[in-house]
Amino acid sequence: MSAATPRQTDTCLSTMDQLKLAALDEEDLQVLSAHVQDAVITIADIRYLPKEKRAVFVMNRFVWDKKADKRSKEHERRRSAFAVSRVTGMKSQKIQQDAKDVVLELLAVTFKPAEDAPAGQIELAFSGGSSIQLDVECIEAQLSDLGAAWSTPNLPQHDLT
């Protein structure tokens, strides 16, 4: 057994418990929102595909549903994709779109119904007051982990003042 084996085991955690969720209504979307809270995403990892009526956000998701390792006090992050279908428009606020390396911290995903239900607007709210709004025909979203987890000593913290 090589000396690198334990380190690889510690930092590259199992792919067995990969998350795959779908949202078809506001309650489902709240569940997805809880799972992506404190995910970090770069501008370069955001794609709007108007011909496909789809928006995709590839992110490093903080795994809130798993407690820190008792011995190392390490937490987990996973590379994940959050995809929204039936998107008819996308706009952003306080996001410099040409700054591809800028990192956004996702706080919540919410839905605002339109008068012509089931249409509405899905909003991704980021720290610092930036946001992305997706005009949608209805709620149709998926969250999927893309690979193994890795450990992180960093626990997201929020200034509540």
Side-chain angles (χ1 to χ4, degrees), residues 12-67 75-150 152 154-160:
C12 187
L13 305 171
S14 171
T15 59
M16 296 293 288
D17 53 351
Q18 289 186 353
L19 190 65
K20 291 194 185 305
L21 298 173
L24 298 174
D25 61 27
E26 198 167 350
E27 189 175 333
D28 292 345
L29 194 62
Q30 289 172 355
V31 172
L32 265 63
S33 180
H35 283 284
V36 297
Q37 180 182 350
D38 294 310
V40 290
I41 181 170
T42 64
I43 305 298
D45 287 329
I46 299 171
R47 295 283 186 274
Y48 175 46
L49 309 165
K51 289 181 182 175
E52 296 176 32
K53 290 187 166 185
R54 193 167 172 83
V56 180
F57 306 84
V58 178
M59 58 187 65
N60 294 340
R61 181 177 72 81
F62 188 85
V63 182
W64 280 110
D65 55 313
K66 197 169 196 181
K67 293 185 179 186
H75 302 276
E76 273 186 30
R77 279 205 182 265
R78 287 184 177 270
R79 194 74 168 151
S80 302
F82 176 65
V84 180
S85 300
R86 318 257 320 232
V87 178
T88 58
M90 179 172 156
K91 42 190 176 205
S92 64
Q93 292 182 332
K94 297 185 181 180
I95 294 177
Q96 188 176 348
Q97 295 178 21
D98 60 348
K100 300 295 185 190
D101 292 336
V102 168
V103 176
L104 302 170
E105 183 177 357
L106 184 57
L107 299 177
V109 179
T110 57
F111 179 72
K112 296 174 189 167
E115 288 183 24
D116 57 338
Q121 190 174 71
I122 293 176
E123 181 179 53
L124 287 79
F126 299 97
S127 63
S130 56
S131 64
I132 293 175
Q133 299 83 32
L134 304 171
D135 295 322
V136 295
E137 297 169 348
C138 62
I139 296 173
E140 191 175 309
Q142 300 84 31
L143 175 64
S144 299
D145 288 339
L146 301 175
W150 64 91
T152 178
N154 302 320
L155 178 66
Q157 305 258 332
H158 299 281
D159 183 10
L160 301 176

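Predicted model, so just to flag it, every value in this text is computed and none were measured. These numbers come from the heavy atoms of this one structure, side chains and all, not from hydrogens, waters or symmetry mates.
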A.B. asks: Any heavy-atom pair between the side chains of V40 and F62 that's under 4.5 Å?
C.D. replies: no
A.B. asks: Restricting to non-hydrogen atoms, name the atom on F126 and the atom on S131 that form the minimum distance, rounded to 0.1 Å.
C.D. replies: CD1-CA, 3.9 Å
A.B. asks: Just by modelled atom types, is the P118 backbone N or O under 3.5 Å from a matching donor or acceptor in the E137 side chain?
C.D. replies: no
A.B. asks: Is it true that atom CG of D116 has more than 12 heavy atoms of other residues, nucleotides or ligands lying nearer than 6.0 Å?
C.D. replies: yes
A.B. asks: At what distance, to the nearest 0.5 angstrom, does CG of D145 lie from NZ of K20?
C.D. replies: 7.5 Å
A.B. asks: Would you give the length of the straight line joining atom CG of D25 to atom CD of E140, rounded to the nearest 0.5 angstrom?
C.D. replies: 12.0 Å
A.B. asks: Supply the atom-to-atom distance Q93 CD to Q133 CD, rounded to the nearest 0.5 angstrom.
C.D. replies: 4.5 Å
A.B. asks: Could you grab the distance from atom CD1 of I132 to atom NZ of K91, nearest 0.5 Å is fine?
C.D. replies: 12.5 Å
A.B. asks: Which atoms form the tightest heavy-atom contact between L106 and A125, and what is the distance?
C.D. replies: CD1-O, 3.5 Å
A.B. asks: Return the CD1 to CD distance between I95 and Q97, rounded to the nearest 0.5 Å.
C.D. replies: 7.5 Å
A.B. asks: Tell me, do Q96 and V102 make a side-chain contact under 4.5 Å, heavy atoms counted?
C.D. replies: no
A.B. asks: Measure across A99 and I43 and return the closest heavy-atom pair with its distance rounded to 0.1 Å.
C.D. replies: O-CG1, 3.3 Å
A.B. asks: Got a second to check how far L29's CG is from L143's CG, nearest 0.5 Å?
C.D. replies: 10.5 Å
A.B. asks: Would S80 and Q18 count as a side chain to side chain contact (heavy atoms under 4.5 Å, CB included) here? Give the steps.
C.D. replies: CA-CA 9 Å; S80 302; Q18 289 186 353; over 6 Å; no
A.B. asks: Taking the side chain as everything from C-beta on, heavy atoms only, tell me whether L104 gets closer than 4.5 Å to I46.
C.D. replies: yes
A.B. asks: Any sub-3.5 Å donor-acceptor pair from R61's side-chain atoms to V58's backbone N or O?
C.D. replies: no
A.B. asks: Could you check whether any side-chain heavy atom of V36 comes within less than 4.5 Å of a side-chain heavy atom of V109, counting everything from C-beta outward?
C.D. replies: yes
A.B. asks: Do T42 and K100 make a side-chain contact, defined as non-hydrogen atoms from C-beta onward lying under 4.5 Å apart?
C.D. replies: no
A.B. asks: Any side-chain to backbone donor/acceptor pair from T88 onto D135? Under 3.5 Å, distance only.
C.D. replies: yes
A.B. asks: If every non-hydrogen atom of S33 is compared with every non-hydrogen atom of A108, which pair is closest and at what distance?
C.D. replies: OG-CA, 3.5 Å
A.B. asks: Per the side-chain contact (heavy atoms from CB on, under 4.5 Å) rule, which among R86, M90, Q121 passes with L134?
C.D. replies: M90
A.B. asks: Has the side chain of D45 got a donor or acceptor atom that lies under 3.5 Å from a matching backbone atom of M59?
C.D. replies: no
A.B. asks: How far apart are the closest heavy atoms of S85 and R54, and which atoms are they?
C.D. replies: OG-NH1, 2.8 Å
A.B. asks: Hey, are the side chains of V136 and V87 touching, using non-hydrogen atoms and a 4.5 Å cut-off?
C.D. replies: yes
A.B. asks: If you compare all heavy atoms of Y48 against all heavy atoms of P50, which two are closest, and at what distance to 0.1 Å?
C.D. replies: O-CD, 3.2 Å
A.B. asks: Distance alone, cut at 3.5 Å: any donor-acceptor contact between the side chains of N60 and R78?
C.D. replies: no
